[in-house]
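My structure is below; once you've seen it, I'll send some questions.
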Amino acid sequence: MSRTAALSTASAGAPLTATTIERRDLRDDDITIDIAYAGICHSDIHQVREEWGSAIFPMVPGHEIAGIVSSVGDGVTRYQVGDRVGVGCMVDSCGECEFCKDGQEQFCVRGAVMTYNGKGYDGEETMGGYSQQVVVSERFAVRIPDALELDVAAPLLCAGITTFNPLKRWGAGPGTKVAVVGLGGLGHLGVKFAAALGAEVTVLSQSTAKQADSTRFGAVDHRATKDEATFEDLRGQFDLILNTVSANLPFDDYLALLKPNGAMVNVGAPSEPSSFQAFSLIGGSKVLAGSNIGGIPQTQEMLDFAAEHGIAAEIETISADQVNEAYDRVVASDVRYRFVIDTATIGA
């Protein structure tokens, strides 16, 4: 075992404080990563505050991890000391079921092991990336291309793959019109990826306050959803709507914006149930869907695509003593567009 500095919370809603945690000794297929940066995902806040059901405490959050390999197990073949790597939402899976073999480890029949607030197959509780080191199987690390700086790459390990996956699956590309609901930590990357894939992108936001940013990220239009005229003007316009917000929406209004056979795909996770009329789907043979993260192969594809097209997260880098304040700011939508922790400041 080795010890490393980390930010931990002792109970639901308690503040994050500096501590030290143990990391396991290297197994044959393990690598040790010296973490440089860890992104703050809204799901970290939900889990720290136990808003998604019972959680495991003490908890070290963080599944947007970017750093440098500092040691490798005897059987490691994919990485060597000095490589630039990232870790996302998963750190293990069975590797044997149909989904794992298909590169969709997030659907592992045995259950994928989450990077934090989870338990490994050995029963050990997982601790996440708000720390200075992590030990993971090489199977669950991805290579960060040299064209991406580590700080702006970190949020891609969750927010990036969460938006890239549905855009690819539902055919965003040349000749398609895509609407992105919300211009936050997820939404701004959704706009960038959709535009780079060749789609014509419209942002649907509560107001026009971020219109200049929408244009900068590649959108051709930005509409305020508080304006009732928006839903009349854009009726039947889109092939795909990517909903990135974690709030309940009037789904019937949004489904009316789709063309026949269009799809509205949800990656935001509101805490309360949503509702819609079945006829909003039936009339135009429309689809209302959800999307998870992607598997390891697609996460690597996403990083390579991001590097090739100059896509990076828009970030505000913070020190460890600013994390609790940052949580409140995320909830208040007071960040453009992702907080990233400089992990060198933990315990400093």
Side-chain angles (χ1 to χ4, degrees), residues 2-9 15-23 31-49 55-56 58-70 83-91 113-118 125-136 140-144 148-162 184-186 189 293 299 302-303 306 312-331 335 337-348:
S2 61
R3 299 193 68 81
T4 187
L7 292 176
S8 174
T9 181
L16 289 148
T17 57
T19 186
T20 58
I21 61 172
E22 288 188 339
R23 296 298 192 187
I31 60 175
T32 302
I33 302 169
D34 289 345
I35 301 172
Y37 298 98
I40 293 179
C41 178
H42 204 145
S43 63
D44 299 343
I45 301 169
H46 286 305
Q47 293 182 82
V48 163
R49 296 179 177 177
I56 301 171
M59 182 193 300
V60 176
H63 56 210
E64 296 181 342
I65 299 167
I68 305 294
V69 176
S70 58
D83 283 348
R84 307 165 78 251
V85 297
V87 176
C89 300
M90 304 174 287
V91 290
V113 176
M114 297 294 103
T115 305
Y116 72 91
N117 193 26
E125 296 171 2
T126 56
M127 299 285 184
Y130 293 11
S131 55
Q132 292 183 337
Q133 282 191 330
V134 66
V135 175
V136 298
F140 285 85
V142 286
R143 193 175 301 276
I144 296 177
L148 289 172
E149 296 297 330
L150 294 178
D151 54 355
V152 296
L156 300 180
L157 276 302
C158 175
I161 186 59
T162 296
L186 289 169
L189 288 170
I293 56 173
T299 302
M302 176 273 302
L303 287 170
E314 305 286 322
I315 66 169
E316 182 177 334
T317 304
I318 61 172
S319 59
D321 62 0
Q322 295 175 290
V323 172
N324 292 305
E325 176 190 357
Y327 271 28
D328 291 334
R329 288 182 58 191
V330 169
V331 173
V335 55
Y337 284 90
R338 203 72 161 182
F339 285 117
V340 171
I341 305 165
D342 177 355
T343 60
T345 64
I346 299 175

Problem - Separation between CD of Gln47 and CD1 of Ile56, rounded to the nearest 0.5 Å - result: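 These two atoms lie 9.5 Å from each other.
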Handout entry: Thr345 (side chain) donor-acceptor with Ala320 (main chain) under 3.5 angstrom
Key = yes
Exercise for the section: Taking the side chain as every heavy atom from C-beta outward, state whether Leu157 and Ile65 have any atom pair closer than 4.5 Å. Expected result: no
Handout entry: Shortest non-hydrogen contact between Glu64 and Cys158, atoms and distance
Key = OE2-CB, 3.2 Å
Problem - Pair Asp328 + Arg49: basic N to acidic O under 4.0 Å - result: yes
Exercise for the section: Identify the two heavy atoms, one from Thr19 and one from Ser8, that lie closest to each other, and give their separation to 0.1 Å. Expected result: CG2-CB, 3.5 Å
Exercise for the section: Considering non-hydrogen atoms only, spot the tightest contact between Ala141 and Val85 and give its length. Expected result: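 It is CB-CB, 4.5 Å.
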Problem - Tyr327 and Asp44: CA distance, side-chain angles, deciding distance, side chain to side chain donor-acceptor pair (under 3.5 Å) verdict - result: CA-CA 9 Å; Tyr327 271 28; Asp44 299 343; 4.6 Å; no
Exercise for the section: Could you tell me whether the side chain of Ile33 reaches within less than 4.5 Å of the side chain of Ile31, counting heavy atoms only? Expected result: yes
Practice task
Kindly determine whether Ile21 and Arg23 satisfy side chain to side chain contact (heavy atoms under 4.5 Å, CB included), including the steps that lead there.
Solution key: CA-CA 7 Å; Ile21 61 172; Arg23 296 298 192 187; 3.7 Å; yes
Completion exercise
Smallest heavy-atom separation, Ala66 atom then Ile144 atom, equals CB-CD1, 3.7 Å
Problem - Sidechain-backbone polar pair: Thr343 side chain, Ile35 backbone, donor-acceptor under 3.5 Å - result: yes
Exercise for the section: Begin from the C-alpha positions of Asp342 and Ser319 and carry the test side chain to side chain contact (heavy atoms under 4.5 Å, CB included) through to its verdict. Expected result: CA-CA 6 Å; Asp342 177 355; Ser319 59; 5.8 Å; no
Exercise for the section: Please indicate whether Gln322 has more than 12 foreign heavy atoms, meaning atoms of other residues, nucleotides or ligands, lying under 6.0 Å from its CD. Expected result: yes
Practice task
Please confirm whether the backbone N or O of Leu303 pairs with a side-chain atom of Arg143, one donor and one acceptor, at under 3.5 Å?
Solution key: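 No, because the side chain of Arg143 does not come within donor-acceptor range (under 3.5 Å) of the backbone of Leu303.
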Problem - Ala154 versus Tyr37, closest heavy-atom pair with distance - result: CB-O, 4.1 Å
Problem - Exam field: side chain Arg84 to backbone Leu148, donor-acceptor pair closer than 3.5 Å - result: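 Judged by distance alone, yes, a pair lies under 3.5 Å.
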Problem - Check: Ile40 and Val335 side chains under 4.5 Å, non-hydrogen atoms - result: no
Fill in the blank from the handout: Closest non-hydrogen atoms of Ile293 and Cys89, given as atom of the first, atom of the second and distance, are CD1-CB, 3.7 Å
Problem - Side chain Thr115, main chain His63, donor-acceptor under 3.5 Å - result: no
